[in-house]
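Just so we're clear, the structure is a prediction, and the values are computed from it rather than from any experiment. In what follows, chains carry the letters A, B, and so on, assigned in the order in which the sequence lines appear, proteins first and then strands, with residues in each chain numbered from 1.
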Amino acid sequence: MQQNTKKTIITSALPYSEAMPHLGNFVGSILPADVFHRYEELAGRDSIFICGSDQHGTPIEIRALKEGVSAEHLADSVHERMKKVFESFECSFTHYGKTNSESNKKAVYEIFEALDKNGYIKEVESVMPYCNIDKRFLTDRYIEGKCPYCGFEGARGDQCDNCGRLLSPQDLIDPYCGLCHNKDIEFKKTVNLAIELDKLQPEILDFVKMRMGAWSRNAANKTVSYLEQGLEPREITREMKWGFPVPRKGFEDKVFYVWFDAVIGYIGISMEWSEKWKDYWKGPDTELIQFMGKDNIEFHTMMWPGILIGSGLGFVLPHTIYAYEYLTAKGLKFSKSRGVGLNMENALEITGPDYWRFALMYLAPESSDNDFTIALFVEVVNKIMNDKIGNYVHRVLTLLKNSGLKASELVEDEKSTDKVAMLTRKYAEDFEALKMREALRELVAIADVGNETISSSRPWELIGKDGVKLGGEDRAKEFLGGMVSIVRRMGVLMWPFAPDASSKILKRFGISEPRLSDLKKPLKELNLEGLEPVFSKLSDKQLKDLERFEEDS
RNA sequence: AGCGAGGUAGGGUAGCCUGGAGUGCCCGCCGGGCUCAUAACCCGGAGAUCGGUGGUUCAAAUCCACCCCUCGCUACCA
């Protein structure tokens, strides 16, 4: 037998280090990536889960300027906070790194030089506004002036907030610097480097045709539509200080554009993780599975593959690109850029990670935008997670305890196993197709089967508070055998979604690293000490805490 | 404006690619059952002209055209 060399790299879009992500950001890429990674572990596969903080770019540089700290300091402090909060949410990263690292710099330079050597880099000239006071070029968002269409005073270089027209910086009347508000602005010529995606279009097209069958619908369709319009060279350098300096004569005062070093960050972060990174990124049989929000599609379906192909360095190309829609929160304060409202940190102050993970995945915006409301959250936690699953586990274990029987004496009950086995198969199929919300619903359906079986079996006629009633022993053993193995199964299948509760349940079964193969093993002794419900409903206090985040109307 | 994604019972979703009785699921509602369990659980029922209008077809939620509404991308935001 050949050793199985198949490997999987799972990535989530890198969260931007400007501010703490909110729950919509979380469910849009990191959470599904983590859930999938945990499933791969359940299935016993060789996979790594790579993520990290995206640290460069204008917004961070500007915010740092305003706060009077260095960009690096700001980016690193937000990075530390994010890393901590993701860990508190039980994210199972193989490595969580950051883009402003030595290893990523190395990766960026190596890839840039390869692209350059292969003839995919060219110089492009453009005219940009320059502030003589701040001594810097101004991006479209940071130059303001009077709107030429409606006369609004605070129009920005990209758009007028008053009339909504799209603008160019040159359109503004009496432009001034958005940072220092002085009018000492001049338009200067500047030269940047661009990657010639137009040259790479044929290869990118082949790649897309071959792979898009496995992508989410939005990613596939959007990409086709972009490719039909034709790709154009895309700039990869910027006039700013915060970032990796461009290693080329005449460009020393420029840095790589954030999108360029962010996608390469997947590799750079892996390099920081371990020497083994090559076995994955250059392995003969690696699947790269990437999760992201819909706003990130074009970077991952065209620009990123273009970079990889153009480098000629033999990196694996994305196998699956799965883009989520948005989880919105119309009735809640839920804003990352404004820095207010329900973010990941204060969410954990209200309730534990299992509850958020379960509810978010149950409501995950797989095919269209979904609105997250307190009512929906409460419904999922109280009715689905607690009443169906949590209550099932607890009633079965209580029955077992009351029966006084040993788990090793129990007999598999045939009645319910067919349906449960079918649902378990569907659970696995859903995961293979990345339909994780469906997979979670199979878990709920298994609880339904368990609850139905209890009702129809009427175990209270067999088992009293202090043991099995006379003559009911055989039936009790058979019944409990079926029910207890469903509890174990739910503990295992719950692992990707609600890891804390899963561990709590599986600990009783002596399982610490759950695998799907555990489901086939015979039942061993159970530890029933300190039996208590695995979940609880949201309390009035928790609801009050949540309502603090409702939009004042 | 162009492009992408949605519009299915009171709310939320699946089905659409590969037409075939509105077929399904969750919550809510109405009625019944049970009491092992966290007032939890189980069974039954009501409730939808599948966004609109035309078209193709023996047959359309599903395919085609046009229109309306929501969200997103097209912005030197990532």
Side-chain angles (χ1 to χ4, degrees), chain A residues 13-18 54 56-60 62 126 128-129 137-143 156-159 166-169 192 213 216-226 228-229 235 238-240 257-259 262-263 292-299 323 325-326 328 330 336-337 362-371 373 375-376 378-380 382-384 386-388 390-403 435 437-438 441-442 444-445 447-448 450-465 479 483 531-537:
Chain A
L14 309 183
Y16 195 61
S17 308
E18 188 189 3
D54 178 9
H56 294 137
T58 316
I60 286 173
I62 301 290
S126 56
M128 288 190 63
F137 283 97
L138 299 173
T139 59
D140 288 3
R141 291 164 65 89
Y142 294 108
I143 178 165
R156 290 194 317 256
D158 55 345
Q159 182 178 46
L166 301 182
L167 307 173
S168 292
N192 274 296
S216 59
R217 188 193 302 206
N218 51 3
N221 290 350
K222 192 168 187 178
T223 302
V224 169
S225 144
Y226 269 112
E228 280 168 359
Q229 292 163 45
E235 291 180 23
R238 289 289 84 163
E239 296 72 9
M240 47 190 286
Y257 191 10
V258 56
W259 74 263
V263 289
M292 69 206 65
K294 61 176 164 183
D295 52 336
N296 257 315
I297 290 172
E298 55 171 310
F299 290 98
E325 299 288 319
Y326 284 155
T328 58
K330 295 192 190 86
K336 177 167 171 171
S337 56
Y362 197 87
L363 302 169
E366 283 187 356
S367 57
S368 64
D369 289 358
N370 281 167
D371 196 36
T373 61
L376 275 173
V378 172
E379 174 190 320
V380 173
N382 288 2
K383 307 300 296 187
I384 313 287
N386 183 71
D387 290 352
K388 284 177 185 287
N391 181 48
Y392 173 76
V393 170
H394 191 240
R395 67 197 296 210
V396 169
L397 294 183
T398 305
L399 276 169
L400 177 63
K401 188 170 193 181
N402 288 348
S403 78
K435 291 185 170 177
R437 196 181 54 188
E438 292 307 307
R441 288 170 197 234
E442 314 303 352
V444 177
D448 286 339
N451 280 317
E452 284 162 27
T453 311
I454 294 179
S455 277
S456 60
S457 304
R458 310 177 62 79
W460 45 90
E461 292 174 356
L462 299 172
I463 301 163
K465 289 276 178 210
F479 165 78
M483 294 301 96
L531 208 54
E532 56 173 21
V534 282
F535 297 124
S536 57
K537 294 194 191 217

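In this structure, B:C17 makes no Watson-Crick or G-U wobble pair, since no nucleotide meets both defining distances under 3.5 angstrom. Of the nucleotides present, none pairs with B:G47 by Watson-Crick or G-U wobble criteria with both distances under 3.5 Å. With a cut-off of 3.5 Å on both pairing distances, B:G28 has no Watson-Crick or G-U wobble partner at all. For B:G22, there is no paired nucleotide, since no Watson-Crick or G-U wobble pair has both relevant distances below 3.5 Å. Look at B:C3: its Watson-Crick or wobble partner, with both distances under 3.5 angstrom, is B:G72. Base pairing annotation: B:U57 forms no Watson-Crick or G-U wobble pair, as no partner gives both donor-acceptor distances under 3.5 Å. Pair assignment for B:C66 gives B:G52, based on Watson-Crick or G-U wobble hydrogen-bonding distances that are each under 3.5 Å.
Distance alone, capped at 3.5 Å, is enough to place a donor-acceptor pair between the A:S456 side chain and the A:T453 backbone. With A:R437 contributing its side chain and A:P365 its backbone, the two residues share no donor-acceptor pair below 3.5 Å.
Phosphate proximity of B:A14 to A:S367: present, with a side-chain N or O under 4.0 Å from OP1 or OP2. When the side-chain nitrogen and oxygen atoms of A:R217 are compared with OP1 and OP2 of B:G6, one or more of them lie within a distance under 4.0 Å.
Judged by distance alone with a 3.5 Å cut-off, a donor-acceptor contact links the side chain of A:R238 to the base of B:C76.
One atom, CD1 of A:I297, and another, C1' of B:G4, lie 8 Å apart when rounded to the nearest Å. The interatomic distance linking A:E452 (CD) with B:A40 (P) rounds to 19 Å, in whole Å.
Between A:I454 and A:W460, the closest side-chain pair of non-hydrogen atoms falls below 4.5 Å.
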Checklist entry - What one-letter contact string describes nucleotides 32-38 of chain B from 5' to 3', where B marks a base within less than 4.0 Å of any protein heavy atom, S marks contact via sugar-phosphate atoms alone, and - marks no contact? => result --SSBBB

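Residue contacts for A:Y392: at a heavy-atom cut-off of 4.0 Å it reaches no nucleic acid atom on any strand shown. Nucleic acid contact for A:L376: none, since no nucleic acid atom lies under 4.0 Å from a heavy atom of the residue.
Nearest approach of A:L399 to A:I463, heavy atoms of both residues: O-CG2, 3.9 Å.
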